[in-house]
A.B. asks: 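If you scroll down you'll find the structure; I have some questions about it.
Below, chain A is the first sequence line, B the second, and so on; all start at residue 1. Any value given below was found using the heavy atoms of this structure, including those in side chains, with hydrogens, waters and symmetry copies removed.
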Amino acid sequence: MKSLNIQVVDDSALTVKKITQMLEEMGHHVVQVSNTGKTAVFDYQYRKPDLVTMDITMPDMDGITATRRILEIDKTAKIVMITSHSQKQMVMDSIGAGALGYVMKPIDPEKLKVSVERAYAKKVKR
Amino acid sequence: MKDTVEADHILQAITRVACQFLDSDMALSISCNPPAIQLCNQVTLKPVTVMMNISGCFSLDVTFSFDSSLIEQLFNVYCHELVIDDSERAAYIGETACDVINIVIGNSTELLAEDGTIVNISVPKVLVDVDSLIMTEQSMQQAVVATDHGDLMIIAMASEKQLS
């Protein structure tokens, strides 16, 4: 698949480092890192990445709200949740908010790869 | 919110997930499975300690306190593929502890969910310069997960009114 410009949203510096390394090993470019939900929405508007990876639990705005806000700005945005939350209702809420994939922490690089590829390949009709 | 919290049930679920994570993902040998749960009103903390709040139909603070040898090993395994400068090492050891509690508590939320109520978890924080936790009544429960690289103490604290 083509190399994607990706925005990584997570408040953990260590998780950002891990996700960035995994994505770059897949041939993608991390063009923006955002540490909170609010900055993620702001950063998305001027970066317009091909895809966003989004944590759920973050300071000031959670990832589900940030996903909704980004999709209000750009209905074609492609967002994959990366979170430790295992609760089914949280998965449903993320998909309901418009996320196209859900990857559990600890992150399996192969699952991340598949989820990113599937999310990017999806034809979005919102 | 519920008037009482079944802290031992919650702590059992969390320790079970913690043991699975330490064993399967971090390649540690767990020497006591499942760990015994004890009621207490005072706990002396280990060198690296992190805390999170779980809320939804109840509210509970959960603390993970790591022996130095254990958190060092977790850092080595969790970060083995990353390039980390010596100057960043101390900060990333704290980040490792935060990621461990976040993964374990997050992975426990499906077990803690009741009636589809969303279980919210807070951002983890490192407790700095805190040597012990003291409550006036026996309103803390603790379990110790013993591994081949040291112990992880898991402590659940609800307000006295909520604990059952």
A.B. asks: Under 4.5 Å heavy-atom distance to chain A, tell me which part of B/Glu81 shows up: side chain, backbone, both or neither.
C.D. replies: both
A.B. asks: Give, for atom CD1 of B/Ile93 and atom CD of B/Glu88, the distance between the pair rounded to the nearest 0.5 Å.
C.D. replies: 12.0 Å
A.B. asks: Return the minimal non-hydrogen interatomic distance between B/Thr147 and B/Ser31, and the atom names on each side.
C.D. replies: N-OG, 4.3 Å
A.B. asks: Is any NZ, NE, NH1 or NH2 atom of the basic residue among A/Lys105 and A/Asp55 found under 4.0 Å from an Asp or Glu carboxylate oxygen of the other?
C.D. replies: yes
A.B. asks: With only heavy atoms counted, which part of B/Asp99 is less than 4.5 Å from chain A, the side chain, the backbone, both or neither?
C.D. replies: side chain
A.B. asks: Using heavy-atom distances under 4.5 Å, tell me whether B/Asn107 contacts chain A through its side chain, its backbone, both, or neither.
C.D. replies: both
A.B. asks: Under 3.5 Å, is there a donor-acceptor pair linking the side chains of A/Tyr120 and A/Asp50?
C.D. replies: no
A.B. asks: Is it the case that over 12 heavy atoms from other parts of the model lie below 6.0 angstrom from the CZ atom of A/Arg47?
C.D. replies: yes
A.B. asks: Determine whether more than 12 heavy atoms belonging to other residues, nucleotides or ligands lie under 6.0 Å from atom CE of A/Met92.
C.D. replies: no
A.B. asks: Can you pull out every side-chain hydrogen bond (donor to acceptor under 3.5 Å, both in side chains) where at least one residue sits in residues 59-68 of chain A? Sequence neighbours excluded, please.
C.D. replies: A/Thr36-A/Asp60, A/Asp62-A/Thr65
A.B. asks: Taking only heavy atoms into account, what residues of residues 4-18 of chain A are found under 4.5 Å from chain B?
C.D. replies: A/Asp11, A/Ser12, A/Ala13, A/Leu14, A/Thr15, A/Lys17, A/Lys18
A.B. asks: For residues A/Thr39 and A/Ser34, is any side-chain donor paired with an opposing acceptor at under 3.5 Å?
C.D. replies: no
A.B. asks: Should the pair A/Glu25-A/Lys113 be classified as a salt bridge under the 4.0 Å nitrogen-to-oxygen rule?
C.D. replies: no
A.B. asks: Is it the side chain or the backbone of A/Met104 that comes within 4.5 Å of chain B heavy atoms, both, or neither?
C.D. replies: side chain
A.B. asks: May I ask you to check whether over 12 heavy atoms, not counting those of A/Lys111, lie within 6.0 Å of atom NZ?
C.D. replies: no
A.B. asks: Check whether A/Gln21 gets within reach of chain B through its side chain, its backbone, both or neither, counting any heavy atom under 4.5 Å.
C.D. replies: side chain
A.B. asks: Between B/Ser108 and chain A, with a heavy-atom cut-off of 4.5 Å, which part of the residue counts as in contact: side chain, backbone, both or neither?
C.D. replies: backbone
A.B. asks: What part of B/Val83 gets within 4.5 angstrom of chain A, counting heavy atoms only: side chain, backbone, both, or neither?
C.D. replies: backbone
A.B. asks: Examine whether an atom of B/Tyr78 lies under 4.5 Å from a heavy atom of chain A, and if so say whether it belongs to the side chain, the backbone or both; otherwise answer neither.
C.D. replies: both
